[in-house]
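In this chain, numbering begins with 1 at the start of the sequence shown. Reckoned from all heavy atoms, side chains included, excluding hydrogens, waters and symmetry mates.
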Amino acid sequence: MSKRLKTATVALPLDRILIGDSIRTLAGLPSHSIDAVFADPPYNLQLGGDLTRPDNSRVDGVDDDWDKFDDFASYDQFTHDWLKEVKRVLKPDGCLWVIGSYHNIFRVGTILQNLGFWILNDVVWCKTNPMPNFRGKRFTNAHETLIWASPSREAKPCFNYEAMKNMNDEKQMRSDWILPICSGKERLREGGDKVHPTQKPEALLYRVIMSSTKPGDVILDPFFGSGTTGAVAKRLGRHFIGLERDKTYAKHAERRIAEISPGPSPEFLLTPSKREEPRIPFGTVLERGLLTPGDFLYDERKRHKARVIADATLTASGRDGEVRGSIHKVGALVQGLPACNGWTFWCFNAGGKLVPIDLLRQRIRAEHVGQQS
């Protein structure tokens with residue numbers, strides 16, 4: 001299995017735009033060869049005539065043939081066919097992102113689930129500068145929905161939790177993303193007109209790619225359009241494969257991506273996962289002399305106090321008397337909680353200031369990394 005996957009990866013047309021029908025081109029790609037897919041399929045907007053502003057000027061909206069389908073049944077068949085191929089080419093632990101509006105995203109979601117994909121999140125892209133509802137008969141459509149899914153319930157897709165938390169000022173990244181639409185210099189134009197009516201902002205793809213892929217991963221975009229996926233993938237040190245049937249879109253996308261400098265070396269592109277860091281037992285802290293048997297540990301507000309024992313356990317006064325155990329067990333018992341991360345709960349006195357004992361663990365980890373390099 002591993003040899004087959006390795007061979008398939010070598011055969012991939014990396015960092016290229018393939019011209020042609022998306023479904024037929026997808027069928028020619030090796031199975032289980034793609035790390036992630038970002039899909040911005042036709043929305044099937046079902047527009048009834050031109051849309052005009054109050055001054056009667058025409059709105060440059062989506063009226064292209066590629067967004068027109070005879071009926072819902074034909075759109076559903078199209079959606080089923082491309083999603084089925086995406087499921088085939090994705091690696092077992094890969095992931096799919098698909099974006100849409102109220103016109104299509106619910107239909108896409110149903111078909112996606114029927115094919116066995118497992119939905120991980122729905123993300124709402126809240127637009128800070130949406131196009132107003134010029135007719136004044138509905139609410140302004142100020143958001144689009146992204147579905148993040150894995151090929152199966154058992155899959156273990158990449159999620160760069162720490163990176164997302166860092167990008168959100170040390171707070172968990174939420175599923176409502178407040179970002180502007182594509183505008184200004186980023187918007188591709190030719191002769192004053194938009195090259196593509198639904199060009200997505202690079203900020204949106206930056207967050208998608210940073211959250212769910214690693215440097216060197218292969219990202220497939222079956223509806224490549226103006227090439228935003230490829231542009232951001234190149235900037236972040238990932239490979240892309242773009243599928244696009246419109247030669248004009250492909251030409252502009254190719255030119256756009258060629259102007260982008262490749263991403264820096266991997267150490268500047270990836271936030272190490274804490275789960276992948278070497279395990280450091282509390283006993284190592286004592287062995288290294290960073291703490292001594294008999295030392296006192298406190299929580300940050302000094303409501304609880306424990307003493308370090310030579311065998312790397314703690315002793316403290318709990319709600320039911322004296323308790324003894326690991327830094328985690330004693331931390332939980334003194335608080336009356338079912339669990340506790342002792343590394344972040346307990347603090348030691350460092351020059352008159354209480355500092356989490358996790359600082360000592362990080363110091364030992366840093367030395368390990370230095371020795372390995």
Is there a path of hydrophobic side-chain contacts, each under 4.5 Å between heavy atoms of I, L, V, M, F, W or Y residues, that connects L90 with L18?
yes

State whether the side chain of H328 and the backbone N or O of N341 hold a donor-acceptor pair below 3.5 Å, judged by distance alone.
no

Can you tell me how far CD of Q113 sits from CD1 of I147, rounded to the nearest 0.5 angstrom?
7.5 Å

If you round to the nearest 0.5 Å, how far is OG of S33 from CG of L12?
4.5 Å

Are R324 and T315 linked by a side-chain donor-acceptor pair shorter than 3.5 Å?
no

Taking the six-membered ring of F72, is the NZ or CZ of R107 close enough (under 6.0 Å from the centre) and on axis enough (within 45°)?
yes

Which distance, rounded to the nearest 0.5 Å, do you find between the CD1 of I34 and the CG of L96?
12.5 Å

How about V218 and I241: do any of their side-chain heavy atoms sit closer than 4.5 Å?
yes

When you measure from the side chain of E244 to the backbone of I19, do you find a donor-acceptor pair of N or O atoms at a distance under 3.5 Å?
no

In this structure, is the centre-to-centre distance between the rings of F240 and F224 below 6.0 Å?
yes

Using only heavy-atom distances, determine whether the side chains of S212 and W148 contain a donor-acceptor pair under 3.5 Å.
no

Side-chain (N160) to main-chain (A163) donor-acceptor, under 3.5 angstrom:
no

For I327 and W346, which heavy atoms make the closest approach, and how far apart are they?
O-NE1, 3.0 Å

Look at K200 together with D40 and state whether they make a salt bridge at an N to O cut-off of under 4.0 Å.
yes

Is V124 linked to L120 within one hydrophobic cluster, defined over Ile, Leu, Val, Met, Phe, Trp and Tyr using a side-chain heavy-atom separation of less than 4.5 Å?
no

Under a 3.5 Å distance rule, please check whether T292 uses its side chain to pair with a backbone N or O of D295 as donor and acceptor.
no

Donor-acceptor pair, distance only, cut-off 3.5 Å: does the side chain of Y249 make one with the backbone of F223?
no

Testing the 3.5 Å rule here: is there a donor-acceptor pair between the side chains of N166 and E162?
no

Candidate pair R361 and D358, rule salt bridge (Lys or Arg N to Asp or Glu O under 4.0 Å), full reasoning:
CA-CA 5 Å; R361 178 173 64 164; D358 193 42; 2.7 Å; yes

Salt bridge between R238 and D217, side-chain N to carboxylate O under 4.0 Å?
no

Find out whether the Lys NZ or Arg CZ of K305 is both under 6.0 angstrom from the six-membered ring centre of F296 and within 45° of the ring's axis.
yes

Please assess I111 against L115 for the test side-chain contact (heavy atoms from CB on, under 4.5 Å), listing each intermediate value before the final yes or no.
CA-CA 6 Å; I111 297 168; L115 284 170; 4.2 Å; yes

Output yes when D176 and R174 qualify as a salt bridge under the 4.0 Å nitrogen-oxygen rule, no when they do not.
yes

Nearest heavy-atom pair of T213 and C158: which atoms, and what distance?
N-SG, 3.8 Å

Does CD belonging to E322 count more than 12 external heavy atoms closer than 6.0 Å?
yes

Within a strict 4.5 Å, meaning less than it, do heavy atoms of the L26 and L220 side chains meet?
yes

Taking the six-membered ring where the residue is Trp, are the ring centres of F69 and F78 under 6.0 Å apart?
yes

Please find the pair of heavy atoms, one from W125 and one from I181, that lie closest to each other, and give the distance.
CZ2-CA, 3.9 Å

Quick one: do the T79 and D76 side chains pair a donor with an acceptor below 3.5 Å?
no

Check the surroundings of atom CD in E254: do more than 12 heavy atoms from other residues, nucleotides or ligands lie under 6.0 Å from it?
no

Relative to each other, are the rings of F282 and W343 parallel, tilted or perpendicular (30° and 60° limits)?
perpendicular

Decide yes or no for H304 and F345: does some side-chain heavy atom of the first lie under 4.5 Å from some side-chain heavy atom of the second?
yes

Atom of P13, atom of L29 and distance for their closest heavy-atom approach
CD-CD2, 4.0 Å

Checking side-chain contact (heavy atoms from CB on, under 4.5 Å) for the pair H32/R88: CA distance, chi angles, key distance, verdict?
CA-CA 6 Å; H32 311 303; R88 181 186 62 80; 5.9 Å; no

Main chain of N104, side chain of N44: is a donor-acceptor contact present, judged purely on distance under 3.5 Å?
no

Point-to-point distance, once rounded to the nearest 0.5 Å, from CE of M167 to CE of M164:
4.5 Å

I need the single residue from R256, E202, Q199 that forms a side chain to side chain donor-acceptor pair (under 3.5 Å) with T228. Which is it?
R256

OG1 of T284 to CZ of R365: how many Å apart, nearest 0.5 Å?
10.5 Å

Work out which heavy atom in I209 is nearest to a heavy atom in T229; give both atom names and the distance.
CD1-O, 4.0 Å

Among side-chain atoms of S101 and H103, is any donor-acceptor pair under 3.5 angstrom?
yes

Given side-chain contact (heavy atoms from CB on, under 4.5 Å), test N129 with S183 step by step and report yes or no.
CA-CA 10 Å; N129 53 342; S183 60; 4.2 Å; yes

K127, NZ atom: more than 12 neighbouring heavy atoms under 6.0 Å
yes

Are I17 and I219 joined in one hydrophobic group, where the rule is that I, L, V, M, F, W and Y side chains link up if heavy atoms are under 4.5 Å apart?
no

Where is the tightest heavy-atom contact between L269 and R235, given as atom of each residue plus distance?
CD2-O, 4.2 Å

Is the backbone of D21 close enough, under 3.5 Å, to the side chain of T25 for a donor and an acceptor to pair up by distance?
yes

Please confirm whether the backbone N or O of G331 pairs with a side-chain atom of Q335, one donor and one acceptor, at under 3.5 Å?
yes

Side-chain heavy atoms of C347 within contact of V355, under 4.5 Å:
no

Between the main-chain N or O of A73 and the side-chain N or O of D71, is there a donor-acceptor pair closer than 3.5 Å?
yes

For P151, is there any backbone N or O sitting under 3.5 Å from a side-chain donor or acceptor partner on K87?
yes

Grouping I, L, V, M, F, W and Y whenever their side-chain heavy atoms are under 4.5 Å apart, do L236 and I260 come out in a common cluster?
no

Please step through salt bridge (Lys or Arg N to Asp or Glu O under 4.0 Å) for the pair D93 and K156, ending with a clear verdict.
CA-CA 5 Å; D93 289 331; K156 297 179 180 178; over 6 Å; no

With rounding to the nearest 0.5 angstrom, report the CD1 to CG distance, I357 to L297.
6.0 Å

Should we say atom NZ of K251 is surrounded by more than 12 heavy atoms from elsewhere, each under 6.0 Å from it?
yes

Side chains of E186 and P201, heavy atoms from C-beta outward: is any pair under 4.5 Å?
yes

Same cluster for L290 and I309 if Ile/Leu/Val/Met/Phe/Trp/Tyr side chains link at under 4.5 Å?
no

Which of Y102, Y43, W177 passes side chain to side chain donor-acceptor pair (under 3.5 Å) with E144? It is Y43

Between N168 and Q172, does the side-chain hydrogen bond (donor to acceptor under 3.5 Å, both in side chains) criterion hold? Intermediate values first, please.
CA-CA 7 Å; N168 197 40; Q172 270 193 357; over 6 Å; no

